[in-house]
Amino acid sequence: EIIRLGGNVSKGSFETSGKVALAGTTLKDFAVELTGNHIAVKNVVDSLAFTVSPRIRVAGSLREQRVTGEIMVNQALYTKELDLKSVIGNKNRNISLVLPGSEKQAKSTLLLDVVVKAPKDIRFKNKFADIEIRANALRIQGEPTKPRIEGRVEVAKGKIVFGDVQYDILSAVFDLLDPSRLNPEMNVQAQTKIQDYLITLQIEGNLDQFALTMNSEPPLSDSEIARLLAIGSGSAANASNLVLKPIQTIMEGQLEQAL
């Protein structure tokens, strides 16, 4: 039996075709292909609205199903507010991709092997941040409740605010190399100006271990830069933590909440 269907949905369009094989009245196997163009999606994830153009295939039997193909994210906007100070207290460096409660569930019959591309117009915006993001071929594999993710995410441009200090993101690259957890290799450069000093921060490494380089123009020592940032954020106490903690925990908090 061959299935064909097409139409308009959520300001976009779709076409689907496929076939179903029956053994008597029992489903033997099936294969369905879906192509979509600029389909708007809302209310699936809180505060996230996006438009996608999928080209995917779902095939299998009652015993096992596979979803393969590519999903192009045409645009997305994520506006959920984030309390940075509460995130700073998070000391977890090992962020599992296993969803809560899934350990007790039986093995899923649905398996994923999907590439997600987001070349532009992906934006995270709230009162603490305004960031434009690109994703270069994120590959998602495995069970939906225990996904494995590999690929690269880049920040094209953006601003973040911690305390009273606004940082301009000059460049940021996150390579997801370990598919079992969110511990990206990162290279980030951010800049801010306090008083007459232009301060540049560079972070290289991953969430377990990274190196922070601080420079300023006119030149200052690291401790002087840290104190200047602390003063700029309204507190001179624990100056080094005000530099290190946001870098070390904001990114992992964002990743964890996004999933």
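Numbering starts at 1 and runs along the sequence shown. Scope of the values below: all heavy atoms of this structure, side chains included, with no hydrogens, waters or symmetry mates.
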For this session: Applying side-chain contact (heavy atoms from CB on, under 4.5 Å), run through Thr68 and Val114 and close with a yes or a no.
Result: CA-CA 5 Å; Thr68 58; Val114 177; 5.9 Å; no
(request) Say whether Val116 and Val52 are linked into one hydrophobic cluster, either directly or through other cluster members, by side-chain heavy-atom distances under 4.5 angstrom. (result) yes
Output side-chain donor-acceptor pairs under 3.5 Å for residues 189-200, partner residues at least two apart or in another chain, one line each.
unit_1: Gln189; atom_1: NE2; unit_2: Gln202; atom_2: OE1; d: 3.3
unit_1: Gln191; atom_1: NE2; unit_2: Thr200; atom_2: OG1; d: 2.9
unit_1: Thr192; atom_1: OG1; unit_2: Gln166; atom_2: O; d: 2.7

One should read off an interatomic distance between Glu132 CD and Ile122 CD1, to the nearest 0.5 angstrom, of 10.0 Å
Heavy atoms of Phe30 and Val58 approach each other most closely as CE1-O, 3.6 Å
When rounded to the nearest 0.5 Å, the distance separating CG of Leu228 from OG of Ser223 is 11.0 Å
Next item on the list: Side-chain contact test, heavy atoms from C-beta onward, threshold under 4.5 Å: evaluate it for Thr35 versus Thr16 and give yes or no.
Entry: no
message = Is there a side-chain contact between Pro184 and Asn206 in this structure, where contact means two heavy atoms from C-beta onward sitting under 4.5 Å apart?
response = no
Same cluster (ILVMFWY, side-chain, under 4.5 Å), Val173 and Val188:
no
(message) A side-chain contact here means heavy atoms from C-beta on lying under 4.5 Å apart; do Gln65 and Leu111 qualify?
(response) no
Task: Exceeds 12 heavy-atom contacts within 6.0 angstrom, atom CD of Glu224 - done: yes
Those residues at least two apart in sequence (or on a different chain) that pass side chain to side chain contact (heavy atoms under 4.5 Å, CB included) with Val9 are Phe14, Ile39
Review point. Same hydrophobic cluster for Leu110 and Val115, using side-chain heavy-atom links shorter than 4.5 Å among ILVMFWY?
Key: no
Residues 168-177 vs salt bridge (charged side-chain N to carboxylate O under 4.0 Å, His left out), sequence neighbours excluded, gives Arg152-Asp175, Lys159-Asp168
CD1 of Ile149 to CG of Leu138, rounded to nearest 0.5 Å, is 7.0 Å
inquiry  = Using only atom types and a distance under 3.5 Å, with no angle test, would you say the side chain of Ser61 pairs donor to acceptor with the backbone of Arg63?
reply    = yes
| task | Please report the C-alpha distance between Thr79 and Asn126 in whole Å, then the side-chain angles of each, then the deciding distance to 0.1 Å, and finally whether the side-chain contact (heavy atoms from CB on, under 4.5 Å) criterion is met. | result | CA-CA 5 Å; Thr79 58; Asn126 61 25; 5.8 Å; no
TODO: Would you indicate whether the side-chain heavy atoms of Phe210 and Met186 approach each other to under 4.5 Å?
DONE: yes
Quick one: are Asn183 and Asp178 in side-chain contact, heavy atoms under 4.5 Å? no
Residue pairs passing the salt bridge (charged side-chain N to carboxylate O under 4.0 Å, His left out) test with at least one member in residues 212-222, sequence neighbours excluded, are none
Flag yes if Leu170 and Val155 sit in one hydrophobic cluster, no otherwise; membership is Ile, Leu, Val, Met, Phe, Trp, Tyr, and two members link when side-chain heavy atoms are under 4.5 Å apart.
no
>> Are Tyr167 and Leu201 packed together at the side-chain level, in the sense that at least one heavy-atom pair is separated by less than 4.5 angstrom?
In response: yes
When every non-hydrogen atom of Leu177 is compared with those of Glu150, the smallest separation belongs to O-OE2, 4.1 Å
query = Less than 4.5 Å apart, any side-chain heavy atom of Leu22 and any of Lys28?
reply = no
Evaluate the side-chain proximity of Leu229 to Ile225: yes if any heavy-atom separation is below 4.5 Å, no if none is. yes
Distance col, row Arg66:CZ vs Asp113:CG, nearest 0.5 angstrom, shows 8.0 Å
The complete set of salt bridge (charged side-chain N to carboxylate O under 4.0 Å, His left out) pairs with one or both residues in residues 34-60, sequence neighbours excluded, reads Glu33-Arg57
dist Asp29:CG -> Glu64:CD (nearest 0.5 Å) comes out at 12.5 Å
The reported gap from CD in Glu154 to CD1 in Ile133 (rounded to nearest 0.5 angstrom) is 11.0 Å
Show me the side-chain donor-acceptor pairs of residues 69-77 shorter than 3.5 Å, one per line, residues at least two apart or across chains.
unit_1: Glu70; atom_1: OE1; unit_2: Lys117; atom_2: NZ; d: 3.4
unit_1: Asn74; atom_1: OD1; unit_2: Ser53; atom_2: N; d: 3.4
unit_1: Asn74; atom_1: OD1; unit_2: Ser53; atom_2: OG; d: 2.8

Taking every heavy atom of Ser47 against every heavy atom of Lys80, the minimum-distance pair comes out as CB-N, 3.4 Å
